[in-house]
**Student:** 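Take this structure, written in structure tokens, and hold onto it; I'll ask about it next.
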Amino acid sequence: MAIIKELNSSYGIKPSYHRIANISLNAIDKEVVICVGSYISKETRDKGCDPIDTIDILIPKEDYESFLVGDVFKAGYKWLKENVIGLEDGIDDKR
């Protein structure tokens with residue numbers, strides 16, 4: 001799974017393939033952190049290239065419960081598209 005959408009980066013390069021690399025759930029503190037890796041393109045990701053950038057996103061505590069039902073990665077992509085400016089109209093890569 002991934003989101004396909006060209007975005008700006010701090011490196012002056014525009015990655016277009018954004019994939020959740022990791023989701024950390026902290027049940028004690030009711031925290032979720034999503035680590036997103038951004039690649040130049042789907043093709044560079046498929047070739048095994050490293051992401052050009054990664055970012056950890058701390059999810060608000062009020063959204064914690066939405067990560068406890070079903071597939072945590074589906075919940076992560078849904079949250080990203082609903083809450084990260086620029087990703088709302090990204091294309092889902094469901095492979």
**Student:** Taking the side chain as every heavy atom from C-beta outward, state whether D89 and K5 have any pair of such atoms under 4.5 Å apart.
**Tutor:** yes
**Student:** Mind checking whether I59 and F67 have side chains closer than 4.5 Å, heavy atoms only?
**Tutor:** yes
**Student:** Check whether Y64 and L58 end up in the same hydrophobic cluster, where Ile, Leu, Val, Met, Phe, Trp and Tyr are linked by side-chain heavy atoms less than 4.5 Å apart.
**Tutor:** no
**Student:** Indicate every side-chain donor-acceptor pair of residues 21-42 with a distance under 3.5 Å to a residue at least two apart or in another chain.
**Tutor:**
from : atom 1 : to  : atom 2 : distance (Å)
N22  : ND2    : S24 : OG     : 3.3
N26  : OD1    : I28 : N      : 3.1
N26  : OD1    : D29 : N      : 2.9
N26  : ND2    : D29 : OD2    : 3.2
S38  : OG     : H18 : ND1    : 2.8
S41  : OG     : E43 : N      : 3.4
S41  : OG     : E43 : OE1    : 3.3
S41  : OG     : T44 : N      : 3.2

**Student:** Within this structure, what is the CG-NZ distance for the pair D63 and K78, rounded to the nearest 0.5 Å?
**Tutor:** 9.5 Å
**Student:** Compile the donor-acceptor pairs under 3.5 Å between side chains in residues 49-56 and protein atoms, sequence neighbours left out, one pair per line.
**Tutor:**
none

**Student:** Spell out, yes or no, whether I3 and I13 are grouped together once hydrophobic residues are joined by side-chain heavy atoms under 4.5 Å, including indirect joins.
**Tutor:** no
**Student:** So does D92 pair up with K81, basic N to acidic O under 4.0 Å?
**Tutor:** yes
**Student:** Find out whether K14 and L7 are in side-chain contact, i.e. whether some heavy atom of one side chain is under 4.5 Å from a heavy atom of the other.
**Tutor:** no
**Student:** Membership question, hydrophobic clusters at under 4.5 Å side-chain separation (ILVMFWY): are L87 and F73 in the same one?
**Tutor:** yes
**Student:** Taking everything shown except K61 itself, do over 12 heavy atoms lie less than 6.0 Å from its NZ?
**Tutor:** yes
**Student:** Hey, does Y77 have a side-chain heavy atom less than 4.5 Å from the side chain of K94?
**Tutor:** no
**Student:** Is any side-chain heavy atom of W79 closer than 4.5 Å to one of I57?
**Tutor:** yes
**Student:** Do E88 and E82 make a side-chain contact, defined as non-hydrogen atoms from C-beta onward lying under 4.5 Å apart?
**Tutor:** no
**Student:** For M1 and K74, what are the C-alpha separation, side-chain angles and deciding distance, and is it a side-chain contact (heavy atoms from CB on, under 4.5 Å)?
**Tutor:** CA-CA 8 Å; M1 296 180 85; K74 284 183 182 177; 3.8 Å; yes
